[in-house]
Amino acid sequence: MPHILTLNAGSSSIKFALFEAGSLNERVRGQIEAIGTKPHLSARIANAEKTETDLDAAEVSDHAAALAAILALMEDRFSGADVKAVGHRIVHGGPDYGSPVIIDEDCLANLEKLIPLAPLHQPHNLSGVRAAQAAFPDATQVACFDTAFHRQHPWVNDTYALPLELYEEGIRRYGFHGLSYEYVTRALRQLAPMHAAGRVVVSHLGNGASMCAIQGGQSVGSTMGFTALDGLPMGTRCGQLDPGVVLYLMAEKGLTAAEIENLLYKQSGLKGLSGLSNDMRALEEAGTIEARRAIDYFVYRIRRELGAMVAILSGLDALVFCGGIGENAWRIRERVCQDFGWLGLELDESQNRAGETIISSQRSRVRVFIIRTNEELMIASHAAEKAQEAIASAAAA
Ligand code: ADP
């Protein structure tokens, strides 16, 4: 039976999912984490228990080996699956890619040029593409970009106040998590079409975190910018930062670019502030002063960005929470929404604690939702569409 495989290759993990091509029914979803150190495979197969296996570190030392382990699992459990298309999450599409594309050699070369814009993600995304090309030479390989959802930003939201030639060169405010925002926007359209057509803020709060202002279904602003560092503090990333800090670190403390990159991407955010962990659950449990302050800063920045987004949207009809923290951490949602009564936003305390889909009170003018995001399904649906187009154009040729 024809299937669509999705791959989302991070710095030390590959998330994957397999869908039936026509119905997009999910057959399996899982990930290999800690590639190269303590590789571990976990997968949930539809209608079956979760599978967990520790893998041999020497054997799973890189992304190609991890993909081979994923394929071995599929061969074992879904030997009849005929993979027609592979959808890849590609973090950066630069200024030119505003929608999913079929990957050919030119495209791959263009995406390689964007590596400096997303040094911790793009190389792994592309090595996932190469590994999948080798494993499925006849499948249509489709790139689905995290930046694409934001490409229609109004110019004022797309630029920095730098000399214009730098904008022309591509130094712009791109925004990320686009596949999640696209999925959530579609889901909201089903759930509450009137609200989806209005002024919406989506808070994607996971290890990576960002917020998106959406008007009439279109992104008009994102907290992330040129790279996935800007905006909210994240698990290990700093979020908004005065560029003067980077200059100071270079000039006065003599840090190299690589050291600063490591500091801003891997040692900052919740982990840096708490000195403990990048994991929200661990911080909530720890309750140390530092952990509490890290959470305070996280909540403060979300509230501040929400206020800014309400200003550019001239009001708010719906607020959506998604991502691991947004979907599960009721205390964070409660604190974010506190004191927004002036905006007509009020939570229903018990619905929020229970993690219902609608968590605003009956009298709240702003509806507040929890939507479980599904980037994999979005990728699979784009890959299916592109594979169909490829078949149609081959038939017409
Ligand atoms: P990623 O961006 O890597 O996909 P996720 O979206 O899975 O990450 O989010 C991971 C974050 O969600 C972690 O900080 C984790 O602690 C947090 N999280 C997951 N479940 C809960 C929970 N029940 N309460 C608080 N935080 C949670």
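Quick caveat, the model's predicted, so the values are computed rather than measured. In listed order, ligands and their atoms are each counted from 1.
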*Could you tell me the residue and atom name of the protein heavy atom closest to atom 14 (O) of ligand 1, and the distance to it rounded to 0.1 Å?*
Met280 N, 3.0 Å
*If you measure every N/O of Ile325 against every N/O of ligand 1, is any gap under 3.5 Å?*
yes
*Residue, atom name and distance, where the atom is the protein heavy atom closest to atom 7 (O) of ligand 1*: Gly324 CA, 4.2 Å
*asked:* Checking contacts here: is it the side chain or the backbone of Glu284 that comes within 4.0 Å of ligand 1, counting heavy atoms only? Could be both or neither.
replied: side chain
_Regarding Arg363 and Glu346, does a basic nitrogen lie under 4.0 Å from an acidic carboxylate oxygen?_
yes
*If you measure from the Lys or Arg side-chain nitrogens to the Asp or Glu carboxylate oxygens, is any gap between Arg237 and Asp230 under 4.0 Å?*
no
*Report yes or no: does Arg367 contribute a side-chain atom to a donor-acceptor pair with the main-chain N or O of His195 at less than 3.5 Å?*
no
*If you measure from each heavy atom of Lys15 to ligand 1, is any distance below 4.0 Å?*
yes
*Are any of the heavy atoms in Gly235 under 4.0 Å away from ligand 1?*
no
*Test log, rule salt bridge (charged side-chain N to carboxylate O under 4.0 Å, His left out), inputs Lys38 and Asp54*: CA-CA 8 Å; Lys38 270 178 70 180; Asp54 280 323; over 6 Å; no
*Can you tell me which residue and heavy atom of the protein come closest to atom 16 (O) of ligand 1, and the distance to 0.1 Å?*
Asp279 OD1, 2.6 Å
*Tell me whether the centres of the aromatic rings in His63 and His124 are closer together than 6.0 Å.*
yes
*Is it true that Glu334 and Arg331 have a side-chain N and a carboxylate O under 4.0 angstrom from each other?*
no
_Selection from Leu205, Asn207, Asn328 by shortest heavy-atom distance to atom 3 (O) of ligand 1_ = Asn207
*asked:* Pairing donors with acceptors under 3.5 angstrom, does anything connect the side chains of His153 and Arg173?
replied: no
*Looking at Gly208, which atoms of ligand 1 are within less than 4.0 Å of one of its heavy atoms?*
2 (O)
*How far is atom 24 (N) of ligand 1 from its nearest protein heavy atom, and which residue and atom name does that atom have?*
Arg281 CG, 3.6 Å
